Amino acid sequence: MNLDLTDQQRLVRDAAERFFAAECPADVVRAAGRDGFSADLWTKAVAAGFVAMRAPEAAGGADADLLEAALLCEQAGRRLAPIPLADGVAAARLLGEVGGDLASLNKEPLLLGAGAGRRIVAAVGGLAIVGPDSTFEPLASGEPLASGPAALDRHAAALAERDLLSAAWLVGAAQEAVAMAAAYAAQRRQFGKPIGAFQAVAHPLANAATDLDAGRLLVWRAIWATAARRGDAGASIAMARWWAATAARRAARTALRSFGGYGLSLESDIQLYFTAINRAALIDGDPDAALATVGDRLWAGAATVLPEARDPGIDFGFGAAAERFASEARRFFDAELTDELRATAHHSTDGHDPAFHRKLAAAGLAYPDWPRRWGGAERSPYEVSALARVFEEYRWTRVPIGITNMGARMVMQFGSSALQKEVLPGLAEGAALSCLGFSEPDSGSDIYAARTRAVRDGDDWIIDGQKMFTTGAHIADYVLLLARTDPSQPKHRGLTIFFVPLALPGVSIRPVHTLQDERTNISFYDQVRLPDRYRLGPVDGGMTVMAAAMAIEHGGEGYHVLQHSLLDAALRWARTPGEGGAAPIDDRAVRARIARVAAHVELADLLCRRATWATATGQASRATGPMAKLFATESYMADTADLMALAAPASLDPATPALVEIEEKHRQAIGQTIYGGTSEIHRTIIAEQALGLPRSG
């Protein structure tokens, strides 16, 4: 997997950034008016070689790769460049391919889609140029621009290219609008604070930043798929166009509102973004129409003619090693997952089978990325992500593995050598499990408001208190416990982390059953005497340990895998014929609804893959994991609700396995937005780390 641009791609991006910064200040956008065209800027863009960059070299172009053109259009979008660049680049390539005269572009653009101006259109038997008055413009020879099926295919490919480049333009424009709003919110003060410190301002901007990062990744993914001639490339192109238009319009509204009344003034620049983004997003009609195209291309056999694209260098695959590991895991499940085990499978800790868990550990499938000295195989993050998807394919719970992994990792990083030797072998072999003891009944997500006390008594600690949502405590051997060791210090200080054996006297566990059809627990600690060797990190140094633990918990991969099985269930339901013999998926409107789910799955997948790549390459920021988790869980919750409505009323009292699964996931989905830090916590992190907004509170 690789998301780094090549040197050449960076050169194109940086050159475009400098060009549009110099040649397209806000007054150029204003002067262009609502029509959004600057003849002077067009002439300069042609002279810079931008318009013909994708045209064949034989026709006078540069034959640049598709990703370079997308990077160019993104930078043009950032400055709201009032020229039809996406159309122009795609049309220039088409013109060069069919032997047209690129010199004709020097003075006047040539369009492919809607809009006032000269356009290349598909006519009977070939291609023609239509003038602004909708009359055909014959060439000097009196012949059409190009004839035959090949010409029509090239036109279809050019339209697909234009869709991708338009999506890149919209992402760039909307990201700049959000950046402007964030800068304003960091400076504008109200009630004695910067308005960016208020969640009502910061959180919508965090949503927009996340949506747009996902949008850029989807454009890149569509280009990668196009270059590889993947079967889903056409659907990815339509998804990218739909999502860019949808997310950019939403971001533009959010950005404008962040300025309050000032943003409505025609003197403000942000209103220019609102107008230009809406125009670019809606020029072809309702963006949601693209969802029907996605559905047709994925499930109705609609063909797509793809634009030419060379290998862009980026790669969204997990790699050959991950594929081999996933295949190895499938062979294990096929051999070991008996019908009896399948009958007991459950998404929660209720699905834990001790004997099968030990088999998973022995096969290297429980903790494959652990250091070899502690029983792991030091598998890469890509292999671990691929493995997680296999677990979900077979619907086998990873909850006990996930929470045990966090406790074990903290022991590896912060525990003494004696503690490591005591507890890690049993965890690695699958003979023991751990759970998490962070939240408390009165503190909820504010885990640092912990009241559970740990008081030093010689070489021991005496622990008193209670923890809420200690999922898995009833089957676990240890709990990773956050306790207050110095109540005189501020809330975020005076905390210490312990790895507490749950068999100690004074520990008791009571079940808490939830809407999601799962058991969690409330655990009580009454004068629990704990030897100091179970302490992790320094006394009162719990924040350092918690930061390391949260870096694990704030990723989205563990939540995102549920979206794949949701889409699978939706398609199983939709492909089942009804009483009249027709299946729901035969209805184009139903395909469009499920296509929205598929697009959300793709977008979440891309954010999760980016987080995995960033971890593997050491390029992770504090926002990459939270963005993945936020988008995955929020879209999952929305999609389960939408599928429930789509299949209603049968989904209310489901009688088929597919609808049973959708209904179960609908109840589970809300919890996913709470576990591992609520969506509000993740929005706060994104606002601060990705947008530079001040701390809330």
Side-chain angles (χ1 to χ4, degrees), residues 12 15-16 19-20 23-24 28 32 35-66 68-77 79-123 126-141 143-147 151-152 154-166 168-169 280 283-284 307-309:
V12 170
F19 175 87
F20 289 110
E23 303 295 344
C24 191
V28 171
D35 289 340
F37 180 67
S38 166
D40 181 60
L41 185 61
W42 176 260
T43 300
K44 291 177 179 178
V46 170
F50 291 153
V51 174
M53 69 181 298
R54 283 273 293 157
E57 290 182 358
D63 196 25
D65 73 42
L66 187 53
E68 290 175 8
L71 295 170
L72 166 71
C73 288
E74 183 179 328
Q75 294 305 318
R79 296 291 176 171
L80 299 183
I83 54 176
L85 192 59
D87 276 81
V89 171
R93 181 175 181 89
L94 174 59
L95 199 61
E97 287 176 334
V98 299
D101 181 13
L102 292 184
S104 65
L105 300 175
N106 291 342
K107 295 182 179 179
E108 188 176 7
L110 195 58
L111 307 179
L112 286 168
R118 298 168 67 239
R119 292 177 292 131
I120 302 178
V121 299
L127 306 180
I129 296 178
V130 174
D133 58 356
S134 298
T135 59
F136 286 96
E137 295 183 2
L139 300 182
S141 64
E143 298 295 326
L145 180 60
S147 301
L152 295 175
R154 283 179 170 142
H155 182 260
L159 288 173
E161 179 168 332
R162 177 219 182 226
D163 282 347
L164 275 175
L165 299 183
S166 298
W169 193 98
I283 190 72
D284 294 325
E308 290 296 322

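Computation of the quantities below employed the complete heavy-atom set of this structure, encompassing side-chain atoms and omitting hydrogens, waters and symmetry-equivalent molecules. None of these values were measured; they are calculated from a predicted model.
- Every side chain to side chain contact (heavy atoms under 4.5 Å, CB included) that A280 has, sequence neighbours left out, goes to W169, L170.
- Here A156 pairs with V305 under the side chain to side chain contact (heavy atoms under 4.5 Å, CB included) rule; sequence neighbours left out.
- The shortest non-hydrogen separation linking S38 to A32 is N-CB, 4.4 Å.
- Listed by chain and number, the residues in a salt bridge (charged side-chain N to carboxylate O under 4.0 Å, His left out) with R162 are D87, D284 (sequence neighbours excluded).
- Pairs of residues two or more places apart, or lying in two chains, that qualify as salt bridge (Lys or Arg N to Asp or Glu O under 4.0 Å) and include a residue from residues 109-118 are R118-E137.
- Nearest approach of L127 to A122, heavy atoms of both residues: CD2-CA, 4.0 Å.
- Contact between L112 and A90 at its shortest, heavy atoms only, is CD1-CB, 3.5 Å.
- Here salt bridge (Lys or Arg N to Asp or Glu O under 4.0 Å) pairs that include residues 96-112, with residues two or more places apart or in two chains, are R93-E97.
- Atom OG of S166 is separated from atom CD1 of I283 by 10.0 Å, given to the nearest 0.5 angstrom.
- Residues passing the side chain to side chain donor-acceptor pair (under 3.5 Å) test with D163, sequence neighbours excluded: none.
- Checked against side chain to side chain contact (heavy atoms under 4.5 Å, CB included), L105 has the following partners two or more places apart in sequence or in another chain: V51, A92, L95, L102, L110.
- A heavy-atom distance below 4.5 Å is not found between the side chains of F50 and I83.
- Partner of L165 under the side-chain contact (heavy atoms from CB on, under 4.5 Å) criterion, chosen from V89, L85, L72: V89.
- Here A160 pairs with I237, P307 under the side chain to side chain contact (heavy atoms under 4.5 Å, CB included) rule; sequence neighbours left out.
- For E74, the side chain to side chain donor-acceptor pair (under 3.5 Å) criterion is met by R216, not counting sequence neighbours.
- Side-chain contact between C24 and L80 is absent, with no heavy-atom pair separated by less than 4.5 Å.
- Nearest approach of F37 to P109, heavy atoms of both residues: CE1-CG, 3.5 Å.
- Nearest heavy-atom pair, A151 versus A146, reported as atom, atom and distance to 0.1 Å: CB-CB, 3.6 Å.
- Minimum heavy-atom separation, L152 to A123: CD2-O, 4.1 Å.
- Pairs engaging residues 40-58 under the side-chain hydrogen bond (donor to acceptor under 3.5 Å, both in side chains) rule: E23-K44, D40-K44, R54-E161 [sequence neighbours left out].
- For the atom pair CG of L71 and CG of L66, the computed distance is 10.0 Å after rounding to the nearest 0.5 Å.
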